[in-house]
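Report on the following structure.
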Amino acid sequence: MIYICSMDKKVRVRFAPSPTGGLHLGGVRTVLFNYLFAKKHGGDFIVRIEDTDQTRFVEGAEAYIFNTLAWCGLTPDESPLHGGPYAPYRQSERKPIYKQYAQQLVDAGFAYYAFDTPEDLEQMRVQYKTAENPSPQYNHALRTKMRNSLTLSAAEVTELLADGTPHVVRIKMPLDETVSFTDMIRGEVSFNTAQVDDKVLLKADGMPTYHLAVVVDDYLMKITHAFRGEEWLPSAPVHILLWQYLGWSADMPQWAHLPLILKPDGNGKLSKRDGDRLGFPVFAMDWTDPKTGETTIGFKERGFLPQAFVNLLALLGWNDGTDNEVFTIEELITAFSMERVHKGGAKFNYEKALWYNQEWIKRATSAQLADQVAETFAAAGFAGFDSAANGVAGSNAVAADRVLLLRVIDLIKDRCTLMADFVTQGAFFFVSPSEFDTASIQPKWTEQKNMFFIELFKAFESSIVWEAHDLENTFKEISAAHHLKPGELMLPLRIMLVGGKFGPGVFEIAEIIGKQATVNRIQKVLRILEHQ
RNA sequence: GGCCGGUUCGUCUAUCGGUUAGGACAGCCCCCUUUCACGGGGCAAAGACGGGUUCGAUUCCCGUACCGGCUACCA
C-alpha cells in the first residue's frame, strides 16, 4: 500500500486530544502510533489541543497531557507547549479561522444556517421517533421540516441573522452519494450519504465542532496522515466531504482508524470505571479531578516503567510478525508499520501488562533503576533516599549509599514486578523488619536451636571478616557442632534477618546489612520466641 | 432500529491457499533453588456457523450468528 502521496511531502501527523480529563490507555496508544509513524518516516509529530467544547473543558487537563507525553518520552515537534510554525495549536485560539471556512461552505451551498433551538431539536427527536427509527436524524428528510436557511425565505434568514438570532451552521449532506476512502488499516470503506445526518459544523457560540475543526486544522497544518480511534469511522464521510467542499481534496491526509481497547471482562470500550472496578490503572499517570478532588491512579504511580508502558501499548493491536514482544522505542520505530495494526479491538489484559513491566525491570541495570528505586523508597517514607535519588555529587556518604543501593537492586530486581515491590522486597536491607513471621518458626522451635542461635550470634559478633561465604561457613560449623541440620536453621535465620520467607540468599543479606544489624535482629527474634 | 466495523487457544496474537495451526500472558506439572523469585523443561487450550470458489481453505467470496462503534450545538 502506498501512503506517501507525493514524494516530496514531509510526513506530518497529529494527536488532537480534548482537555477533558486524564489520558487513558487508548489515548496514549493513539499518540504512540502517531509518534512511531512520524519518526519512522522522518516526519513531525504535532499535538493540537481540541478545546472547542467549553462546557467540557477541565482545568489542568492540558498540562496533564503534556506531562504524560514527557513521561512516555513521546516528545511533540509542535504543540502549544513546544511552539511551531503553525501556531496557535489550541483550537479555542483559532476561533476566527473556522468561521471563515464555515461561511465559505454556506456561500457555496454546501452548508446552511439552522435556527432550531435545543428545544426544537428535542421536540423533533420525540415527534419523529418510531420503533424502526429510535433516533431521528437531522438529515435530508427532516431538514425540510426544521427552521433553517433551506426552509426559510432569504429575507427571513437575513433578518434572523441581522437580529443576531442564535444559529448553527450545518453541512448539507447530499441525498444519495457514495463516499469512499482507503483506510490504511481497513482498506476501502464506503458510506452512503443518505445515512449520515447534517452535522453541525459551527456551534451557536461561534466555536467549530470537531468535524469542521479537524478538517480545517489538518489542512492548515499540512497533516499528511490522520490517525484516530475507530469510534470516528462513522463520521469519516463528513470529513471526506468537507475536504472536497473546501476544495482541498488533493491535500487530504491518508486515514487510519485504530482499533479500540476493550474491557478485560465483558465487552465494550475500556473506561476509567473498569480500572476502578477491576483494580488496575487506566490512565497513564495519576489524575486528580479538580472538581471532585478525586484521584484516579495512573500506570506511572502504580509502579510501571515508561518503557514498559510504551512497550505494552504498542503490542496491543500491533506486532511485527515475529515472536518478539519486548521492544525499545527505537526498535518500535524501525519495526512499526500501520498495515500491521489490527482491525479488531483488543481486550486489555492487566496480567500481561504486569509481565511487560517485570520484563523491563529484569532487563534494566541497577544503575538505570537506581533513581526510580530511590524515589520509590523516599515516597514510602524511608529517610535518606532523596540524596541518593538525585545522586548528589561530592559526598562520600552519598556515594556509599548509592553503591549499597545498586547492590540491593541487583539482588532483588528479579523479584519485582512493580516499582513498589522494591520496597517490600528490599526494605529489610535498610531498616529492621517491623514484623517477624515467628509463626513459621515456632512449631519446630527447640531449646537446642535456641542454643545454636545464641552461639551463632556470639560467633558473628566476634568475627573479624564480614563476608557472606565466611558467615556461611561459621553457620555450618556451629550447626554441625550442635548436631543440627543446616536446613532446619536456614529458615529461622532468614526470618530473623528479613522478617519473612522471601528474599535473596541469607548470608548475602547478612553481609550487606552488616554485623551489628545481623546480631541485633537475631537477638531480637530470640527474645520474641522466648516470650511465646 | 439504521449505518459502519470486527470475529484463530480464557487473553494478546503468528499464518501473505498446502503447517502436527506457532509464540506470549494466565493456569497446571516437573527441574533448579535449605526461602521467595529468576531460569529451564513439559501439559492443557483455538480457526463462530452455513454455503460456495479451489486439487486443497483459518486464509478468497456470500449469508447467518455474535461482538463492537456511531447514531449530541461531546470529542
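Basis for what follows: all heavy atoms, side chains included, without hydrogens, waters or symmetry-related copies. Letters go in sequence order (proteins before strands), and every chain restarts at 1. Model, not experiment: these values are computed from the prediction.
Using a 4.0 Å heavy-atom cutoff across all strands shown, A:Arg228 reaches no nucleic acid atom at all. Counting any heavy atom pair closer than 4.0 Å across all strands shown, A:Lys269 reaches sugar-phosphate atoms only and no base atom. Across all strands, A:Pro17 comes closer than 4.0 Å to no nucleic acid atom at all (heavy-atom distances). Within 4.0 Å (heavy atoms only), A:Gly268 reaches sugar-phosphate atoms of the nucleic acid but no base atom. Within 4.0 Å (heavy atoms only), A:Asp116 reaches at least one base atom of the nucleic acid. The residue A:Ala204 sits close to a base: some heavy atom pair falls under 4.0 Å. Among the heavy atoms of the strands lying under 4.0 Å from A:Ser190 are primed sugar atoms or P, OP1, OP2 only; no base atom is included. Note on A:Gly487: a base of the nucleic acid sits closer than 4.0 angstrom, heavy atoms only. No engagement by A:Gly500 is indicated, since no non-hydrogen atom pair under 4.0 Å with the nucleic acid exists. Within 4.0 Å of A:Glu472, counting heavy atoms only, lies no atom of the nucleic acid at all. Among the protein residues, A:Leu489 comes within range of no part of the nucleic acid, since none of its heavy atoms lies under 4.0 Å from any strand. Counting any heavy atom pair closer than 4.0 Å across all strands shown, A:Thr52 reaches sugar-phosphate atoms only and no base atom. In this structure, A:Arg340 reaches the sugar-phosphate backbone alone: every heavy-atom distance under 4.0 Å involves primed, P, OP1 or OP2 atoms, never a base. Within 4.0 Å (heavy atoms only), A:Ser18 reaches sugar-phosphate atoms of the nucleic acid but no base atom.
Side chains of A:Arg14 and A:Val214 form a contact here, defined as non-hydrogen atoms less than 4.5 Å apart. Side-chain contact check for A:Leu312 versus A:Trp355: every heavy-atom pair is 4.5 Å or farther apart. Using a 4.5 Å cut-off on side-chain heavy atoms (C-beta onward), A:Ile261 and A:Arg29 make contact.
Listed nucleotides B:U35, B:A75, B:C70 differ in distance to A:Arg494; the shortest reach to its side chain belongs to B:U35. Taking every side-chain heavy atom of A:Arg186 into account, B:G5 is the closest of B:G5, B:G1, B:C36. When distances are taken from the side chain of A:Lys362 to each of B:U35, B:G6, B:G39, the shortest belongs to B:G39. Of the candidate nucleotides B:G68, B:C73, B:U15, B:G68 has the atom nearest to the side chain of A:Glu230. Closest to the side chain of A:Arg170, from the set B:C73, B:G23, B:U13, is B:C73. Here B:C38 is the nucleotide among B:C25, B:C38, B:C4 with the atom lying nearest to any side-chain atom of A:Asp414. Listed nucleotides B:C25, B:C4, B:A75 differ in distance to A:Leu233; the shortest reach to its side chain belongs to B:C4. Looking at the side chain of A:Asp323, the nearest of the listed nucleotides B:G22, B:C74, B:C70 is B:G22. Proximity note for A:Lys343 (side chain, C-beta onward) versus B:C4, B:G6, B:G23: the nearest is B:G6. Set against B:C70, B:U13, B:C74, the side chain of A:Glu231 has B:C70 as its closest nucleotide.
Here B:G69 presents its C1' atom at 15 Å from CG of A:Leu270, a figure rounded to the nearest Å. Residue A:Gln425 contributes atom CD, which lies 7 Å from atom C1' of B:C36 at whole-angstrom precision. Here B:C73 presents its P atom at 18 Å from NZ of A:Lys99, a figure rounded to the nearest Å.
Look at A:Thr209 and you won't find any side-chain N or O under 4.0 angstrom from OP1 or OP2 of B:C74. Considering only side-chain N and O atoms, A:Lys203 lies under 4.0 angstrom from the phosphate OP1 or OP2 of B:C74. Here A:Arg29 does not reach the OP1 or OP2 of B:C12: none of its side-chain N or O atoms lies under 4.0 Å away. For A:Lys347, no side-chain nitrogen or oxygen approaches OP1 or OP2 of B:G68 to under 4.0 Å. Taking only side-chain nitrogens and oxygens, A:His342 comes nearer than 4.0 Å to OP1 or OP2 of B:U13.
With a cut-off of 3.5 Å on both pairing distances, B:U35 has no Watson-Crick or G-U wobble partner at all. In this structure, B:U64 and B:A48 make a Watson-Crick or G-U wobble pair, each of the two defining distances being under 3.5 angstrom. Under the Watson-Crick or G-U wobble criterion, with both distances below 3.5 Å, B:C9 has no partner in any strand shown. Across all strands shown, B:C3 forms a Watson-Crick or G-U wobble pair, both distances under 3.5 Å, with B:G69. Pairing of B:C43, defined by two Watson-Crick or G-U wobble distances under 3.5 Å, is identified with B:G27. Remark: B:G18 base-pairs with B:C55. Criterion, Watson-Crick or G-U wobble with two distances under 3.5 Å.
Both A:Gln195 and A:Trp318 sit near RNA chain B, but only A:Gln195 has its closest nucleotide nearer the 5' end. Residues A:Phe475 and A:Asn319 each lie close to RNA chain B; by heavy-atom proximity, the contact nearer the 5' end of the strand is made by A:Asn319.
Heavy atoms from other residues, nucleotides or ligands lying under 6.0 Å from NZ of A:Lys263 number more than 12.
When the P atom is used for both B:G50 and B:U58, the distance is 12 Å, rounded to whole Å. Taking the P atom of each, B:A26 and B:C16 are spaced 28 Å apart, rounded to whole Å. B:A44 and B:C30: their P atoms are spaced 16 Å apart (whole Å). The gap from the C1' atom of B:U7 to that of B:U11 amounts to 15 Å, rounded to the nearest Å. A gap of 40 Å separates the P atoms of B:C25 and B:U64, to the nearest Å. With C1' as the reference atom, B:C67 and B:G42 are 35 Å apart, rounded to whole Å. The same atom, C1', is picked in B:C66 and in B:G47; the two are 16 Å apart, to the nearest Å. Using atom P as the reference point in both B:A57 and B:C49, the two lie 15 Å apart (nearest Å).
Taking the six-membered ring where the residue is Trp, A:Phe336 and A:Phe33 present tilted rings, their angle falling between 30° and 60°.
Side-chain to base pairing of A:Lys352 with B:A24: one donor and one acceptor N or O lie within less than 3.5 Å of each other. No donor-acceptor contact under 3.5 Å links the side chain of A:Arg415 to the base of B:C38.
Between A:Lys199 and A:Asp197 there is a salt bridge, since at least one side-chain N of the basic residue sits less than 4.0 Å from a carboxylate O of the acidic one. At a threshold of 4.0 Å, the pair A:Arg277-A:Asp265 counts as salt-bridged, since one of the basic side-chain nitrogens sits closer than that to a carboxylate oxygen.
Distance CG/A:Leu202 to CD/A:Gln103: 9.5 Å, rounded to 0.5 Å.
Syn is the glycosidic conformation of B:C38, whose angle stays within 90° of 0.
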Worked check of side chain to side chain contact (heavy atoms under 4.5 Å, CB included) between A:Ile171 and A:Leu105
CA-CA 8 Å; A:Ile171 186 172; A:Leu105 289 165; over 6 Å; no
Between A:Asp410 and A:Arg407, does the salt bridge (charged side-chain N to carboxylate O under 4.0 Å, His left out) criterion hold? Intermediate values first, please.
CA-CA 5 Å; A:Asp410 277 327; A:Arg407 250 185 109 181; over 6 Å; no
